[in-house]
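Notes to accompany the following structure.
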Number of protein chains: 2
Amino acid sequence: MAKSRQHKAESRKAILDSAARLFRERGVEGVTVAEVMQDAGLTHGGFPRHFSSKQELVTEALAAVFQANQDAPILPTDSLQVFAAAYLRPQHREAVGRGCAFAALGSELVRAPDHTRATLTAEIRRQIDELAKTTSREQAIGAWSAMVGAMMLARIADNEAFSDEILNGTKAFLGA
Amino acid sequence: MAKSRQHKAESRKAILDSAARLFRERGVEGVTVAEVMQDAGLTHGGFPRHFSSKQELVTEALAAVFQANQDAPILPTDSLQVFAAAYLRPQHREAVGRGCAFAALGSELVRAPDHTRATLTAEIRRQIDELAKTTSREQAIGAWSAMVGAMMLARIADNEAFSDEILNGTKAFLGA
DNA sequence: TTGATTCGATGACGATTGTCATCTAATAAT
DNA sequence: ATTATTAGATGACAATCGTCATCGAATCAA
């Protein structure tokens, strides 16, 4: 087992990647620190060398997701309609662990500590600003809210036909 | 302490009311069974007389909220715009414990067991059907998604001005 | 009135989980 | 080369929490 400084950075990245995926898939409280570490190929004991608490891991993992999405956006932002059509695809609904963090964790994040909320608020702002480049600010806000809400509702729905109707209905509503 | 049959029904109702409020305020995993019972004026030991598990309480509490909202709707449904204007008020944002269960618990409910998801799916359907009485089905789906998403995002935002902008922007987007 | 039920209280148990102490081995510093 | 650091493993601890056992007291059936 390598113990170099470079290896530590790689471990940290692996932990953040595992955390970001698992938290979105199962919720923050649905995943233990030990599970995250195991998923990253480590054991639970090494955790304190990287993060001082689980909450810090949550904040850092979300920040990493947002940074990655800023550096290399997954969805096209040519226009609001193009973005919405991509966001509202069934593939996104199924890939919870790699999809929008707000749709996956939104209602839990409402109760996150201040430091985490600050990171989240900045990302909401960034996302709206990005979309507002090709349309009005009100459209950007309303449409993105619709996407996030629709994705969440489509995931709650227990049958595919109705879930699809939510996604497609919202897509049509947004002219996408 | 009364132990009559009537009193048991009253206790059950008190437990459901407390649960529905506390779960929405703090999340399902953020509230213990003991806290719900205490809030209802009882101790934790009486819980099994009413519900066989915490998960059953979650399902029943949500079902009760939906039933109550169907019997005596809180928000006006005269038109989609009127409903949206009422839904997106700051008072709703602040009253998490008495507000929309989807905005308060949505992302946690995605991972709820089948039985709970069935109840939730039925309520989503009912809500959309209700709104679709005064507009197109696509409008009903897209607009309601926008309301739920906007309320969640507005609650995540850590400053009131931006939170208000999300609510008002969505309101304007929906023509409300 | 008497006996059977059962609501709700007290108390405890077992499982889970975040965090920390300690040990080891490999790396970095001198 | 020798020493000091430190990433990461093993193991344990304390706290939390869902659930159940048991008991007392009040109600309902007879």
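Since this is a predicted model, take the numbers as computed values, not measurements. The sequence lines fix the lettering, A, B, ..., with proteins before strands; numbering per chain opens at 1.
- Between the side chains of B:S79 and B:T134, not a single donor N or O lies within less than 3.5 Å of an accepting N or O.
- Atom CD in B:Q38 sits roughly 11 Å away from atom P in C:dT10 (whole-Å rounding).
- When the side-chain nitrogen and oxygen atoms of A:H7 are compared with OP1 and OP2 of D:dG8, one or more of them lie within a distance under 4.0 Å.
- A:H92 is linked by a ring pair (Phe, Tyr, Trp, His ring centres under 6.0 Å) to A:Y87, counting only residues two or more places apart in sequence or in another chain.
- Of all the residues in residues 53-62 of chain B, B:S53, B:K54 reach under 4.0 Å from DNA chain D with at least one non-hydrogen atom.
- A:L42 has its CG atom 20 Å from the P atom of C:dT24, to the nearest Å.
- A straight line from CZ of B:F51 to C1' of C:dC7 spans 14 Å, rounded to a whole angstrom.
- Listed by first then second residue, pairs satisfying salt bridge (charged side-chain N to carboxylate O under 4.0 Å, His left out) with a partner in residues 128-142 of chain A read A:D129-A:R137, A:E130-A:K133, A:R137-B:E165, not counting sequence neighbours.
- For the pair B:F23 CZ and D:dC17 P, the computed distance is 13 Å after rounding to whole Å.
- In summary, the side chains of B:S163 and B:R155 do not present any donor paired with an acceptor at a separation below 3.5 Å, with no hydrogens or angles considered.
- Judged by distance alone with a 3.5 Å cut-off, a donor-acceptor contact links the side chain of A:H44 to the base of D:dG11.
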N/O donor-acceptor pairs under 3.5 Å from side chains in residues 96-105 of chain B, not counting sequence neighbours:
none

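- If you measure from atom CZ of A:R12 to atom P of D:dT6, you get 17 Å, rounded to the nearest angstrom.
- Protein atom NZ of B:K8 is 8 Å distant from nucleotide atom C1' of C:dT6, rounded to whole Å.
- Checking the phosphate oxygens (OP1, OP2) of D:dG8, a side-chain nitrogen or oxygen of A:H50 falls inside 4.0 Å.
- Applying the side-chain hydrogen bond (donor to acceptor under 3.5 Å, both in side chains) test to pairs two or more places apart or on separate chains, those with a residue in residues 44-54 of chain B are B:S52-B:E56.
- Across the interface with DNA chain D, nearest-nucleotide mapping of A:S11 and B:R49 shows A:S11 to be the residue nearer the 5′ end.
- Atom CD of A:E94 is surrounded by more than 12 heavy atoms from other residues, nucleotides or ligands within 6.0 Å.
- Residue A:V82 is not grouped with residue A:F173 when hydrophobic side chains (ILVMFWY) are merged at heavy-atom distances under 4.5 angstrom, including chains of intermediate members.
- Between B:M37 and A:E35, it is B:M37 whose nearest contact on DNA chain C lies nearer the 5' terminus.
- Within residues 24-33 of chain A, the residues having any heavy atom under 4.0 Å from DNA chain C are, by residue number, A:V31, A:T32, A:V33.
- Counting only heavy atoms from C-beta outward, the side chains of B:I15 and B:M37 approach each other to under 4.5 Å.
- The CD atom of B:E10 sits 16 Å away from the C1' atom of C:dT6 (whole-angstrom rounding).
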